[in-house]
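Below is one structure, written out as structure tokens; comments come after it.
When a ligand or atom number is given, it counts from 1 through the structure's own listing order. Sequential numbering from 1 along the given sequence is applied to the chain's residues.
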Amino acid sequence: MRGPRAAAAGDHVCGGAACRLVFSRRGQMDESAFRHYLQTQVRLRHGVAEMVRRQQALREADEREHEAVWAAAQAHLGAAADGALRLVVPSGPRRRAPLAQRRLERYRQHLQEVAAAAAATTATALPEQAPQDQPAAATPLEGRLCGLCGGGCCTMGGDRAYVTADTMRRVMRLHPQWSAADVVQAYLDRVAPRTERHSCINHGDGGCTLPRELRSDTCNDFACAALSTLQQQADGAARRQPVIVIRRRLGQWTRASHGADNRITAIALLTEEGARRLPLALAAAPAALRDEGGA
Ligand code: SF4
Ligand code: SF4
């Protein structure tokens with residue numbers, strides 16, 4: 001018999017580091033306490049293994065669906081999609097509401113703290129601009145990709161927006177004439193009256209309300225898998241080939257939630273010139289519809 005009881009009797013079934021760790025506790029407990037501990041550990045590990053198995057199955061099902069949708073979109077578009085890159089993006093939240101005063105106050109307090117910390121060090125440091133102080137702008141295609149997604153990676157920004165003393169130092173080097181109070185005000189001036197309820201305080205109607213030079217390094221440097229693939233494929237040059245993008249319903253940080261509704265909510269063709277939405281029916285279309293010509 002394989003199981004906790006048999007194992008407690010000395011049947012060391014695994015030999016891995018986790019298993020050795022569990023068995024290392026044996027000398028610290030009597031037989032019945034150790035058996036109970038062992039059964040709990042086995043249940044926990046089975047639970048984790050089951051979760052991993054389900055996640056894997058979910059990922060594989062999603063990948064099969066992506067392949068079918070990309071193929072349907074390719075057939076629908078014909079030559080317009082020749083050589084298209086295929087990407088999947090998450091979704092940003094879509095629940096804007098008037099900005100709550102308490103959010104603004106928390107943000108103000110955070111900004112004042114990090115600006116004071118930055119001013120204390122820049123007073124003794126040379127306020128020279130470093131080449132990386134001016135963050136690179138997104139290409140039009142990158143902007144369209146993030147626009148279609150709607151800021152799926154911004155939901156953890158909260159009322160701090162990842163702004164740190166390092167961010168402030170960079171801004172102060174770019175604007176040496178600004179006092180710490182001016183810097184704080186520059187951020188506050190850019191908060192929109194309506195913001196996404198479950199996202200960063202700077203997540204407004206048209207996306208991020210901060211210019212890149214005021215955003216944190218975290219914001220400027222982050223690229224989800226889709227954006228990262230696009231950047232690598234473009235390799236610094238404007239990408240001429242189109243991109244077929246599937247957008248899923250959940251955000252970047254919630255998309256692995258088991259059992260959550262993560263259906264496809266948009267399919268689009270992005271090019272250097274513009275964005276074109278494709279019929280959502282392609283996600284579940286019969287072969288006849290998929291074989292239709294361009295819209
Ligand atoms: S980086 Fe990715 S997750 Fe973030 S807004 Fe752009 S496409 Fe969405
Ligand atoms: S500051 Fe802008 S880019 Fe950064 S998390 Fe907030 S909304 Fe997103």
Side-chain angles (χ1 to χ4, degrees), residues 62 66 85-97 99-100 103-104 106-108 110-111 114-115 135-168 170-171 183-184 186-234 239 243-257 262 264-271 275 277:
D62 281 356
H66 296 157
L85 182 65
R86 299 167 165 196
L87 299 174
V88 182
V89 292
S91 276
R94 297 277 191 280
R95 267 190 267 165
R96 279 180 280 282
L99 177 68
R103 288 197 72 182
L104 191 61
R106 278 199 294 262
Y107 190 40
R108 185 196 306 278
H110 172 67
L111 292 171
V114 289
T139 67
L141 202 49
E142 289 167 10
R144 282 188 191 105
L145 185 79
C146 293
L148 179 72
C149 162
C153 56
C154 296
T155 50
M156 303 287 272
D159 299 337
R160 294 175 172 225
Y162 303 107
V163 176
T164 64
D166 280 343
T167 318
M168 293 295 193
R170 168 163 52 76
V171 173
V183 177
V184 170
Y187 279 88
L188 293 175
D189 286 346
R190 286 167 171 86
V191 179
R194 284 176 67 81
T195 56
E196 290 293 348
R197 281 180 59 201
H198 300 293
S199 192
C200 175
I201 192 164
N202 295 309
H203 198 165
D205 256 343
C208 183
T209 54
L210 287 181
R212 281 190 172 249
E213 66 167 53
L214 294 189
R215 292 184 203 170
S216 68
D217 290 344
T218 302
C219 296
N220 284 326
D221 294 345
F222 178 79
C224 69
L227 181 58
S228 174
T229 304
L230 182 64
Q231 289 169 338
Q232 284 162 19
Q233 295 279 322
R239 182 182 171 81
V243 185
I244 302 175
V245 187
I246 294 171
R247 185 184 70 199
R248 285 206 173 261
R249 185 173 172 276
L250 294 178
Q252 172 73 10
W253 315 117
T254 50
R255 66 207 161 108
S257 315
N262 196 21
I264 292 173
T265 56
I267 309 166
L269 178 76
L270 307 184
T271 63
R277 288 293 187 103

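Near Cys219, the atoms of ligand 2 lying under 4.0 angstrom from a non-hydrogen atom of the residue are 1 (S), 3 (S), 4 (Fe), 5 (S). Atom numbering of ligand 2 starts at 1 in the shown order; those under 4.0 Å from a heavy atom of Cys200 are 1 (S), 5 (S), 6 (Fe), 7 (S).
Counted by atom type alone, Tyr107 and Asn202 present one or more donor-acceptor pairs between their side chains at under 3.5 Å. Side chains of His203 and Arg197: a donor-acceptor N/O pair is absent below 3.5 angstrom, by distance only. Counting only N and O atoms by type, the side chains of Arg190 and Thr209 include no donor and acceptor under 3.5 Å apart. There is no side-chain donor-acceptor pair under 3.5 Å between Gln233 and Thr229.
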Worked verdict on Asp205 versus Arg96 for salt bridge (charged side-chain N to carboxylate O under 4.0 Å, His left out): CA-CA 8 Å; Asp205 256 343; Arg96 279 180 280 282; 2.4 Å; yes
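Among all protein heavy atoms, the one lying closest to atom 2 (Fe) of ligand 2 is Cys208 SG, 2.3 Å. Regarding atom 8 (Fe) of ligand 2, its nearest protein heavy-atom neighbour is Cys154 SG, 2.3 Å.
Across every non-hydrogen atom of Val184 and Ala115, the tightest pair is CG2-CB, 3.7 Å. Between Arg212 and Ala138, the shortest heavy-atom distance links the atoms NH2-CB, 3.6 Å.
Two residues are said to be in side-chain contact when any heavy atoms from C-beta on lie closer than 4.5 Å; Thr271 and Val243 fail this criterion.
Excluding water, every protein N/O/S atom under 2.8 Å from atom 8 (Fe) of ligand 1 is given here by residue and atom: Cys149 SG.
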